[in-house]
Undergrad: 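Dropping a structure here in structure tokens format, bear with me for questions.
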There are 2 protein chains.
Amino acid sequence: MTRVILGCSELLTLAGPMRPRAGEELRELAIIRDGAMRIHDGVIEWVGARRDADTSGAEILDAGGRVVMPGFVDAHTHPVFAGNRADEFEMRAEGATYQEIAAAGGGIRSTVRKTRAAGEYELRAAASRYVEWFLRNGTTTIEAKSGYGLSLQDELKLLSVTQTLTPLRVVPTFLGAHEVPDEYRGRRGEYLDLVIHEMLPRAAEIARFCDVFCEPRVFPVEDARRVLQAARARGLGLRMHADQLESGGGAHLAAELGAATADHLEHTDASGIAALERAGVQPVLLPGAVYALGSRRYPDARAMIAARLAVVIATDFNPGSSPTPSMPMILSLAATQMKMTPAEAITASTINAAFSLGLGREIGSLEPGKRADFVIHDCADHRELAYFFGIEPAYEVYIAGERVYSKHSAA
Amino acid sequence: MTRVILGCSELLTLAGPMRPRAGEELRELAIIRDGAMRIHDGVIEWVGARRDADTSGAEILDAGGRVVMPGFVDAHTHPVFAGNRADEFEMRAEGATYQEIAAAGGGIRSTVRKTRAAGEYELRAAASRYVEWFLRNGTTTIEAKSGYGLSLQDELKLLSVTQTLTPLRVVPTFLGAHEVPDEYRGRRGEYLDLVIHEMLPRAAEIARFCDVFCEPRVFPVEDARRVLQAARARGLGLRMHADQLESGGGAHLAAELGAATADHLEHTDASGIAALERAGVQPVLLPGAVYALGSRRYPDARAMIAARLAVVIATDFNPGSSPTPSMPMILSLAATQMKMTPAEAITASTINAAFSLGLGREIGSLEPGKRADFVIHDCADHRELAYFFGIEPAYEVYIAGERVYSKHSAA
């Protein structure tokens with residue numbers, strides 16, 4: 001099956017060097033105005049100006065003067081869980097803090113209790129709603145963490161469900177060290193033994209990455225180091241929740257271990273940023289969690305870009321701190337709250353995100369040889385994606401050249 | 001045509017006294033679980049428990065276990081304009097302030113130049129895109145301001161276009177005193193003469209309200225008083241942009257004049273709040289503008305609720321400071337940034353908003369005798385409307401009993 005896409009007011013190719021983009025490169029979207037793209041069997045064959053397009057033997061797809069760009073790559077999500085936490089959200093609006101709710105048995109532990117009680121079928125049904133939301137917002141690949149099971153059986157159940165989130169491309173991450181479960185309260189060391197010796201060997205058969213919630217009051221640096229070293233020994237790539245609620249040396253640990261990413265970084269200082277730069281760790285910034293927690297402390301994206309970090313932005317979709325699946329919303333937050341330009345935010349949510357997942361040669365830009373994962377957005381200027389907010393701008397979404405979502409016809 | 005709606009997990013009726021709600025009343029949504037509603041010729045006949053529903057001779061509409069509630073009433077929007085300001089948005093991400101851009105001829109004046117150059121057909125086409133966005137987000141009534149014409153002919157053109165935004169219900173507001181147009185720079189008094197003597201008499205034939213952008217550096221209190229007194233003499237209701245960028249006595253003026261609303265109020269202090277309470281002025285809070293301008297100064301909703309003001313929240317949809325048509329997004333901002341509960345935010349965006357427009361007896365709640373303007377949202381718990389963000393939760397939207405939007409079938 002061969003298709004040629006025409007009628008792109010702007011074709012954002014994101015073509016460039018085969019590495020994550022840093023500094024000024026973040027603003028270079030390699031836009032072709034009135035562009036065209038030829039795809040064959042789900043792979044991009046050719047990209048260029050419409051006047052040069054070879055349409056022979058191809059089905060024509062007219063983008064109608066809209067923006068066409070790579071599907072968003074959401075490099076930090078927690079999409080598999082039971083129930084939601086709208087009740088705790090209401091309590092927070094009434095004045096309770098996230099930490100107070102967690103201390104009272106709410107927060108992650110409340111979702112863990114519900115998720116353990118749920119079967120795979122129920123979790124899949126819940127997740128399928130979120131899959132539709134990701135697609136409606138133009139996301140074609142997600143990283144998907146476990147972390148609401150916190151027992152061998154339940155963590156494997158979650159990782160298994162991440163394998164069923166079609167048609168999204170999914171990169172599974174094992175997050176057994178997300179929180180200490182109720183039955184191990186006061187016995188953190190024993191729980192970490194379980195994570196390392198029982199869960200990791202089995203999780204490594206499915207997951208590509210291992211992540212730890214590294215916070216002084218949850219898993220401090222020495223705990224995170226133990227888990228991540230063990231994960232590395234099993235061949236997993238490393239990601240880390242670092243410096244979200246307090247500054248706890250997370251960025252420095254990510255640098256020390258050569259992690260693929262350090263995520264959150266709300267409290268990372270200049271020395272932490274310098275360490276990430278030296279080690280080539282990509283920061284994954286999650287402004288949705290700052291916003292939804294009602295905090296004013298966003299990570300210092302401008303300092304990170306100035307330091308030539310290859311910044312990534314992601315939704316952190318989860319039922320507690322960031323209940324949004326929308327990458328356009330994250331672009332809006334990046335622009336209005338972190339002073340990233342729309343172009344920087346687009347690079348950070350496509351090609352840079354793809355590299356952070358080890359997929360930079362397969363997805364994240366529209367170049368010959370890459371997978372034809374792309375979105376037609378219902379606007380003529382890519383800046384509108386960050387400018388308007390609260391709407392779902394995707395018009396049609398394609399994964400491997402196949403249409404998986406269309407706004408204008410029945411699902 | 002008679003219809004009965006069944007299968008409502010929660011039917012948010014907002015039934016209550018025939019006046020705007022204040023204090024604790026804001027949390028009372030009058031929810032019927034497993035509720036039903038009978039409508040005839042666009043008007044609500046009966047609301048109650050499903051087991052008591054009379055379905056004889058009626059077409060059945062199954063909400064499928066979803067939340068059903070009144071359509072949102074968006075009491076502050078600027079929906080008619082040409083072009084957009086994604087370019088200035090990019091400049092702001094790069095560090096320029098809204099005031100700097102305005103001083104350089106951008107901001108409202110840039111939209112005025114484009115809007116003057118556009119014909120009615122072009123403005124209607126642009127607005128029709130936004131009408132679809134409002135519907136997709138569950139809004140059934142909007143207040144629609146002029147204010148991007150700033151000449152007699154162009155203001156009438158805008159007011160005329162507000163009459164064409166079907167199927168939305170529209171309440172037109174004349175906002176000739178939105179900014180001093182280029183040709184009157186340095187001659188503000190002369191421009192106000194034009195507004196009062198030339199524009200107002202004609203605008204009053206279409207508009208139901210008059211609004212002024214009352215800010216010390218735009219139209220200070222004495223200017224605003226002149227315009228609003230003249231408008232009142234012509235029978236128009238009064239609304240006011242007050243205390244948005246600076247504290248300038250706007251709230252006190254609204255109280256002095258007995259305006260229907262004072263809008264924005266980011267810089268209103270306790271004495272201003274007390275004045276609004278004494279005069280029965282409804283505050284219209286616009287957190288989208290605070291968010292999109294990257295400010296941290298939200299209006300003090302909790303103090304206003306404590307003072308028993310009948311709070312309204314609205315999108316302030318406009319191309320400069322608040323490019324969102326989404327009332328669910330405003331619910332999210334109200335909860336996360338202003339600490340309003342989801343229930344308070346829903347009251348503020350339905351029945352209270354309706355009363356602020358003089359429509360409290362016709363729309364804003366689901367009670368016998370009222371218009372059947374309602375939305376089926378794709379969730380089972382109304383708190384999800386404020387909790388999840390960046391998505392469009394509306395599943396089906398009805399105005400006067402007729403379906404005007406459905407997510408699951410072609411538009």
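Throughout, a chain's letter reflects where its sequence line sits, starting with A, and its residues are numbered from 1.
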Undergrad: Between B:E384 and A:R129, does a salt bridge (charged side-chain N to carboxylate O under 4.0 Å, His left out) hold up when you go through it step by step?
TA: CA-CA 14 Å; B:E384 288 190 28; A:R129 182 182 183 208; 2.9 Å; yes

Undergrad: Is it true that B:E88 and B:R92 make a salt bridge, defined as a side-chain N closer than 4.0 Å to a carboxylate O?
TA: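 No, no charged N to carboxylate O under 4.0 Å.
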
Undergrad: Count the heavy-atom pairs under 4.5 Å between each of A:T336, A:D87, A:T315, A:D381 and chain B, then report the option with the highest count.
TA: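 Most heavy-atom pairs within the cutoff with chain B belong to A:T336.
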
Undergrad: Given that the side chain runs from C-beta out, which part of B:D378 has a heavy atom under 4.5 Å from chain A: side chain, backbone, both or neither?
TA: backbone

Undergrad: Given that the side chain runs from C-beta out, which part of A:S332 has a heavy atom under 4.5 Å from chain B: side chain, backbone, both or neither?
TA: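 Contact with chain B involves both backbone and side-chain atoms of A:S332.
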
Undergrad: Looking at B:M340, B:M338, B:R85, which makes the most heavy-atom pairs under 4.5 Å with chain A?
TA: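 It is B:R85.
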
Undergrad: Heavy-atom pairs under 4.5 Å with chain A are the metric here; pick the option from B:G294, B:A93, B:P323 that has the most.
TA: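 Result: the option with the highest number of such pairs is B:P323.
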
Undergrad: Find the one option among B:A386, B:A345, B:S295 whose heavy-atom pairs under 4.5 Å with chain A are most numerous.
TA: B:A386

Undergrad: Mind listing the closest non-hydrogen atom pair of B:I346 and B:T350 along with its distance?
TA: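 Looks like O-OG1, 2.7 Å.
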
Undergrad: So for B:P328, is it side chain, backbone, both, or neither that comes closer than 4.5 Å to the heavy atoms of chain A?
TA: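 When you check distances to chain A, no heavy atom of B:P328 falls under 4.5 Å.
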
Undergrad: When you check the gap from the basic side-chain N to the acidic O, do A:R297 and A:E266 get nearer than 4.0 Å?
TA: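 No, this pair does not count.
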
Undergrad: Name the option with the most non-hydrogen atom pairs under 4.5 Å to chain A; the candidates are B:A343, B:A334, B:P319.
TA: B:P319

Undergrad: So which residue, B:G390, B:S326, B:G95, ends up with the most heavy-atom pairs under 4.5 Å with chain A?
TA: B:G390

Undergrad: In plain terms, say whether B:E396 and B:K407 are close enough for a salt bridge, that is, a side-chain N and a carboxylate O under 4.0 Å apart.
TA: no

Undergrad: Do A:F317 and B:F388 have side chains that approach each other closer than 4.5 Å (heavy atoms only, starting at C-beta)?
TA: yes

Undergrad: Does any backbone or side-chain atom of A:F134 lie under 4.5 Å from a heavy atom of chain B? Answer side chain, backbone, both or neither.
TA: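 No part of it gets close to chain B.
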
Undergrad: Heavy-atom pairs under 4.5 Å with chain B - which of A:R296, A:M327, A:M91 has more of them than the others?
TA: A:R296

Undergrad: Examine B:H264 together with B:H76 and report whether their ring centres are nearer than 6.0 Å.
TA: yes

Undergrad: Inspect the contact between A:E94 and B:R27 and indicate whether a charged nitrogen and a carboxylate oxygen are less than 4.0 angstrom apart.
TA: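 A:E94 and B:R27: salt-bridged.
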
Undergrad: Between B:L293, B:I330, B:L333, B:N137, which shows the greatest number of heavy-atom pairs under 4.5 Å with chain A?
TA: B:L333

